[in-house]
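Counting convention: from 1, in listed order, for ligands and their atoms alike. All figures in this text were calculated on a predicted structure; none of them were measured in a lab.
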Amino acid sequence: MIIKKEELGEVLPSIQEEILNANGNVVALTGAGISKASGIPTFRGPEGKFKGKDSTELANPYTFSQNPKLVWEWYKYRMEIIHKAKPNPAHLALAELENKGLLNAVITQNVDGLHQKAGNKNVIEIHGSIWRMKCVNCDYKTQINEPISKIPPRCPNCNNILRPDVVWYGEVLPEEAIKKSHELIRNAKVLIVVGTSGLVMPAARFPGIAAAFGATVIDINPIITPVSEIAKWAILEKAEEILPLIVSSLNKT
Ligand code: OAD
């Protein structure tokens, strides 16, 4: 059911009831839209472009093998934005939900670390983290706290190029994170999907799997996406406006 802002008041009590009845077994699946209000550009459309290239071309092992400098320029640009970014009311509402014992986990496609910054403890990063790098040649991995200055960075062990420790198109996702995500998705009573286009696998499949296993799916996204059809409630609004409303209404009971 598609819900607009003016209709939200009618369904809010039912959403609240479903979340409370789930006894803590609520999972959130998040995408780039949740971080938009923190100033981080999403991936599709004009805002996702960098030097005329689509994110699908940039988050891509082939492009990296041909032009590592270009891909690193894009990641450096995103690192600089993310470094300055703060969690917005949508991130904070999910942290509050976990604090109250009502949210089991956040499965995120985002690599920005803002859920952890907001205070969520159980965060599963299925696309890796922009704050880690790994060598394309040896086992070297490293954690960073600030945007890198020199690109492309080099491995201190073998002098080969380092790459961001994120998942690119066509690459295998971190096994443990995917295993955990499937477990959470299959067992969730409520799945809150926030700010994802629902186009990138395997996360795009999660709402359908959750619904098939009996979960109530709630989607929060200003536009209609493939998730809207699966959702019991598809709220066509911004996450930073809706999530705090849901959480504060939970406070009232
Ligand atoms: P997208 O950029 O594809 O989609 C962002 C979604 O957020 C869109 O559906 C927007 O309508 C929605 N949105 C925008 N503003 C919003 C707001 N304020 N509140 C709620 N929703 C909002 O991002 P993802 O679906 O996360 O992967 O993309 C999935 C993956 O594709 C990314 O993790 C990235 C990308 O390529 C890699 O880099 C591997």
Side-chain angles (χ1 to χ4, degrees), residues 2-5 8 28-50 53-64 70-72 74-75 77-79 81-82 85 87-94 106-115 118 123-132 134 163-174 177-178 181 192-207 218-231 233-246:
I2 303 288
I3 310 291
K4 302 226 170 98
K5 198 175 194 168
L8 191 67
L29 170 66
T30 66
I34 197 168
S35 294
K36 191 173 156 86
S38 297
I40 303 170
T42 60
F43 290 97
R44 259 142 278 272
E47 79 172 84
K49 279 192 188 284
F50 180 76
K53 301 240 185 290
D54 285 339
S55 62
T56 45
E57 255 181 285
L58 293 160
N60 192 303
Y62 178 73
T63 312
F64 188 73
L70 170 69
V71 175
W72 262 119
W74 183 53
Y75 276 99
Y77 157 78
R78 289 189 72 90
M79 274 177 178
I81 295 173
I82 290 169
N88 68 59
H91 297 107
L92 296 171
L94 289 182
V106 178
I107 301 170
T108 189
Q109 296 165 89
N110 298 343
V111 298
D112 55 32
L114 287 182
H115 287 300
V123 182
I124 294 132
E125 294 176 314
I126 61 172
H127 286 173
S129 167
I130 203 166
W131 300 117
R132 288 195 307 265
K134 61 183 182 185
R163 58 163 280 180
D165 192 3
V166 300
V167 178
W168 286 333
Y169 283 94
E171 291 186 327
V172 176
L173 278 83
I178 287 303
S181 301
I192 309 176
V193 184
V194 191
T196 179
S197 54
L199 295 173
V200 177
M201 294 296 173
R205 267 198 297 268
F206 291 168
I218 303 165
D219 187 33
I220 306 173
N221 193 319
I223 65 163
I224 291 181
T225 71
V227 184
S228 326
E229 287 171 29
I230 295 162
W233 295 292
I235 307 168
L236 293 194
E237 297 295 341
K238 293 176 174 166
E240 62 275 19
E241 289 176 15
I242 299 308
L243 276 171
L245 280 181
I246 293 174

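- Judged as a salt bridge (charged side-chain N to carboxylate O under 4.0 Å, His left out), the pairs with a partner in residues 35-46 (not counting sequence neighbours) are, in order, K36-E47.
- Counting only residues at least two apart or on different chains, no salt bridge (charged side-chain N to carboxylate O under 4.0 Å, His left out) pair has a member in residues 198-207.
- For the residue pair T108 / T30, a side-chain donor-acceptor distance below 3.5 Å is found, with atom types taken as modelled.
- A donor-acceptor distance shorter than 3.5 angstrom exists from the side chain of N60 to the backbone of Y62, with no hydrogens or angles considered.
- Counting non-hydrogen atoms of other residues, nucleotides and ligands closer than 6.0 Å to NZ of K53 gives a total of 12 or fewer.
- With sequence neighbours excluded, the residues that form a side chain to side chain contact (heavy atoms under 4.5 Å, CB included) with K5 are E237, E241.
- Sorted by chain then number, the residues whose non-hydrogen atoms approach ligand 1 to under 4.0 Å are G31, A32, G33, K36, T42, F43, R44, A59, Q109, H127, V167, Y169, G195, T196, S197, V200, I220, N221, P222, I223, K238, A239, E240.
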